[in-house]
Amino acid sequence: MATWAEFAAEQPDLAAFVQARFAADRHALIATLRKDGAPRISGVEPDFTRGELWVGMMLDSLKSRDLRRDPRFALHCQTTTASMTEAGDAKISGTAEFWTDKTDYLKDLYERTGWMPDGGELDLFRLDVTEVVSITVEGDEMVVLSWHEGRGIRRVAKK
């Protein structure tokens with residue numbers, strides 16, 4: 001697994017693109033695995049800060065239980081037909097680490113946003129990445145850039 005900072009050091013252009021797509025609409029979708037192995041799609045607000053990728057969620061929510069049981073995830077930015085054509089698409093996959101010491105993160109979050117969850121209560125996960133993908137439209141081609149840990153980046157263009 002690579003931290004977001006490790007990935008960004010290796011692929012700064014792709015990392016900047018992906019962060020910008022997630023920043024364009026704070027709300028994103030995360031896929032987790034239920035106890036029976038079925039997928040679950042839930043809303044989250046990813047946070048790229050201090051070289052890491054974080055997601056916070058309600059205490060003991062179903063998606064939090066999913067990630068604590070099986071840390072694999074897929075994260076997808078909000079995409080519409082217009083945003084896909086004009087700005088592109090971004091996806092991240094990897095594993096989530098449940099973070100119990102939230103003090104520094106919450107202090108940083110409040111300093112950056114002025115917002116704090118009620119009583120500082122949330123389940124916090126740091127996301128490590130194994131795959132990062134961008135999809136853009138260039139002329140009459142769809143261009144897919146995909147990075148996989150240990151394999152580097154691959155570019156595929158399709159008409």
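Along the sequence shown, the residues carry numbers beginning at 1.
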Novice: What heavy-atom pair brings P46 and V55 nearest, and what distance separates the two atoms?
Specialist: CA-CG1, 3.9 Å
Novice: Search all heavy atoms of L67 against all heavy atoms of A96 and return the closest pair with its distance.
Specialist: CD2-CB, 4.0 Å
Novice: Taking the six-membered ring for Trp, are the ring centroids of F48 and W4 within less than 6.0 Å of each other?
Specialist: yes
Novice: Between E149 (side chain only) and M1 (backbone N and O only), is there a donor and an acceptor less than 3.5 Å apart?
Specialist: yes
Novice: Tell me whether F22 shares a hydrophobic cluster with L14, the cluster being built from Ile, Leu, Val, Met, Phe, Trp, Tyr side chains joined at under 4.5 Å.
Specialist: yes
Novice: Using the side chain to side chain contact (heavy atoms under 4.5 Å, CB included) definition, which of the options M57, M58, R68 pairs with K63?
Specialist: M57
Novice: Would F125 and F73 count as a side chain to side chain contact (heavy atoms under 4.5 Å, CB included) if you check the C-alpha gap in whole Å, the side-chain angles of each, and the deciding distance to 0.1 Å?
Specialist: CA-CA 11 Å; F125 293 86; F73 75 90; over 6 Å; no
Novice: Taking atom CZ of R26 as the centre, does the number of heavy atoms from other residues, nucleotides or ligands within less than 6.0 Å exceed 12?
Specialist: yes
Novice: Would you check if the side chain of R65 reaches a backbone N or O of D60 as a donor-acceptor pair within less than 3.5 Å?
Specialist: yes
Novice: Looking only at heavy atoms, what is the nearest atom pair of H76 and K91, with distance?
Specialist: CD2-CG, 3.2 Å
Novice: Assess the residue pair E52 and T3 against the criterion (side chain to side chain contact (heavy atoms under 4.5 Å, CB included)); give the C-alpha distance rounded to whole Å, side-chain angles, the decisive distance to 0.1 Å, and a yes or no.
Specialist: CA-CA 6 Å; E52 304 287 358; T3 66; 3.7 Å; yes
Novice: Assigning hydrophobic clusters by single linkage (Ile, Leu, Val, Met, Phe, Trp, Tyr; side-chain heavy-atom cutoff under 4.5 Å), is F98 placed with V44?
Specialist: yes
Novice: Tell me whether V156 shares a hydrophobic cluster with V143, the cluster being built from Ile, Leu, Val, Met, Phe, Trp, Tyr side chains joined at under 4.5 Å.
Specialist: no
Novice: Taking all atoms of both residues into account, what is the closest heavy-atom pair of L75 and A28, and its distance?
Specialist: CD1-CB, 4.2 Å
Novice: For R72 and T95, indicate whether the former's side chain and the latter's backbone hold a donor-acceptor pair under 3.5 Å.
Specialist: no
Novice: Between L53 and F7, does the side chain to side chain contact (heavy atoms under 4.5 Å, CB included) criterion hold? Intermediate values first, please.
Specialist: CA-CA 11 Å; L53 173 54; F7 162 71; over 6 Å; no
Novice: Any chance you could lay out the side chain to side chain contact (heavy atoms under 4.5 Å, CB included) test for D66 and L33, step after step, and finish with the verdict?
Specialist: CA-CA 6 Å; D66 290 346; L33 295 170; 5.8 Å; no
